[in-house]
Q: 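The following block contains the structure, expressed as structure tokens.
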Protein chains: 2
Amino acid sequence: MEDTFESACKHGENIKKFQSEYKEETIANMANILKILGEPSRMKIVLALSYGELCVFHIVEAVKSNQSAVSHQLRILKDNHIIKSRRDGQNIVYYLYDDHIMEILNLVKEHVEE
Amino acid sequence: MEDTFESACKHGENIKKFQSEYKEETIANMANILKILGEPSRMKIVLALSYGELCVFHIVEAVKSNQSAVSHQLRILKDNHIIKSRRDGQNIVYYLYDDHIMEILNLVKEHVEE
DNA sequence: CCGATATATGAATACTTGTTCATATCTACA
DNA sequence: TGTAGATATGAACAAGTATTCATATATCGG
């Protein structure tokens with residue numbers, strides 16, 4: 001059994017394992033969530049909320065940004081099920097969707113702190 | 001002690017905890033690594049390499065891309081210490097820098113598969 | 001109901017970045 | 001040493017997106 005088209009490397013079999021374990025859609029979903037978290041403005045919001053729910057006013061304060069920018073990012077985080085919101089009087093209170101995201105971010109923090 | 005400027009929410013103290021625990025630089029580094037992984041083209045390369053080292057030729061095959069695009073992304077991954085490379089004859093063989101990245105990606109995979 | 005406060009939204013802009021194309025570099029081998 | 005194979009690089013282009021500005025919506029107190 002001769003492969004007529006072969007590089008010097010001998011690891012072709014592992015490619016099939018990779019391709020069967022990771023479907024395009026899975027990879028797209030994985031990349032998508034990381035892309036969303038991979039923006040300082042959004043990352044800050046998530047980390048701030050990890051200490052407890054906050055209204056928009058306090059989020060703006062925490063991340064030292066402005067109301068409009070924060071509101072746009074909150075929308076993106078909410079659409080992607082990273083945070084949820086509820087109304088509390090005149091305020092909208094935001095909080096994390098679940099603990100899973102923070103498990104990931106804690107690992108990332110360890111990683112960057114070596 | 002009266003704060004003259006206060007929203008209806010009562011969670012201001014947590015903001016300080018967040019700000020002292022996460023410095024700007026830490027957040028920037030965390031976001032940076034997630035941004036890098038948050039691109040399907042790069043994510044695929046990393047996942048493919050998690051099954052073992054590969055030369056560029058095989059990476060191109062694994063991720064179904066082309067030589068130049070892959071080479072550019074390999075550079076970015078290498079510059080950010082996500083992968084390393086060594087020469088093996090005519091080939092350059094790429095492999096993961098350490099296990100840490102895959103720990104993160106495994107968590108992410110769990111997350112998207114619910 | 002009205003004004004004030006809190007939040008969301010849409011359009012426009014500016015910036016970042018992934019891909020492509022062409023070409024350069026480097027290694028092995030005849 | 002010259003040629004072929006393997007990989008890297010640079011410039012140009014296209015596409016995506018974060019921020020800003022202006023404005024809209026919604027809630028509460030009086």
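Protein chains get the first letters and strands the later ones, always in sequence-line order, with residue 1 at the start of each. Given the structure is predicted, the values throughout are model-derived calculations rather than measurements.
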Q: Within the 4.5 Å heavy-atom criterion, are A:Gln73 and A:Met43 side-chain neighbours or not?
A: no
Q: Taking all heavy atoms of B:His111 and all of A:Ile104, pick out the closest pair and write down the distance.
A: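 B:His111 and A:Ile104 have their closest heavy atoms at CB-CD1, 4.4 Å.
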Q: To the nearest angstrom, how far is B:His58 atom NE2 from D:dA6 atom P?
A: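 Spelled out: NE2 on B:His58 to P on D:dA6 is 10 Å.
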Q: Using a cut-off of strictly less than 4.0 Å, decide whether A:Lys35 has a side-chain nitrogen or oxygen near OP1 or OP2 of D:dG16.
A: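 For D:dG16, OP1/OP2 do not have a side-chain N/O of A:Lys35 under 4.0 Å.
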Q: Between protein and nucleotides 23-30 of chain D, what N or O pairs are separated by less than 3.5 Å?
A:
none

Q: Can you check the A:Ile45 CD1 to C:dT7 C1' distance for me, whole Å?
A: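 Those two atoms, CD1 and C1', are 13 Å apart.
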Q: Using heavy atoms and a sub-4.0 Å distance, could you list which residues of residues 68-79 of chain B are near DNA chain C? By number, please.
A: B:Ser68, B:Ala69, B:His72, B:Gln73, B:Ile76
Q: Report yes or no: does A:Gln67 contribute a side-chain atom to a donor-acceptor pair with the main-chain N or O of A:Phe57 at less than 3.5 Å?
A: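 Here the side-chain-to-backbone pair does not exist.
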Q: May I ask you to verify if any side-chain N or O of A:Tyr94 is less than 4.0 angstrom from the OP1 or OP2 atom of C:dA8?
A: yes
Q: In whole angstrom, what separates A:Ile59's CD1 from C:dA6's P?
A: 14 Å
Q: Filter on side-chain hydrogen bond (donor to acceptor under 3.5 Å, both in side chains), then keep only pairs touching residues 77-86 of chain B, sequence neighbours left out; what's left?
A: B:Asn32-B:Asn80, B:Glu53-B:Arg86, B:Arg75-B:Asp79, B:Lys78-B:Ser85
Q: Side chain of A:Ser20, backbone of A:Lys16: donor and acceptor closer than 3.5 Å?
A: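 Yes, because the side chain of A:Ser20 sits within donor-acceptor range (under 3.5 Å) of the backbone of A:Lys16.
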Q: Write down the distance between CD (B:Glu39) and C1' (C:dT17), rounded to a whole number of angstrom.
A: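 In whole Å, C:dT17 C1' and B:Glu39 CD are 8 Å from each other.
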Q: Which whole-number value in Å describes the distance from B:Asn32 CG to C:dT17 C1'?
A: 13 Å
Q: Going through the distances and angles, do B:Lys17 and B:Glu21 end up as a salt bridge (charged side-chain N to carboxylate O under 4.0 Å, His left out)?
A: CA-CA 6 Å; B:Lys17 290 190 200 165; B:Glu21 178 70 19; over 6 Å; no
Q: For the side chain of A:Asn14 and the backbone of B:Tyr51, is there at least one donor-acceptor N/O pair under 3.5 Å apart?
A: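 Here the side-chain-to-backbone pair exists.
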Q: If I take atom CD1 from residue B:Ile59 and atom CD1 from residue B:Ile83, how far apart are they, to the nearest 0.5 angstrom?
A: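 One gets 6.5 Å once the value is rounded to the nearest 0.5 Å.
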Q: At under 4.0 Å between heavy atoms, what does A:Ser65 touch on the DNA or RNA strands: base, sugar-phosphate, or nothing?
A: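 Nothing: the residue A:Ser65, judged by heavy atoms under 4.0 Å, touches no strand.
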Q: Check this one for me: any side-chain N or O of A:Asn91 less than 4.0 Å away from OP1 or OP2 of C:dT5?
A: no
Q: Determine the minimum heavy-atom distance between B:Ser50 and B:Met102, stating which atoms define it.
A: CB-SD, 3.6 Å
Q: Can you measure B:Lys64 atom NZ to C:dT19 atom P for me and round it to whole angstrom units?
A: 16 Å
Q: Below the 4.0 Å mark, does D:dT19 have OP1 or OP2 next to a side-chain nitrogen or oxygen of A:Asn66?
A: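 No.
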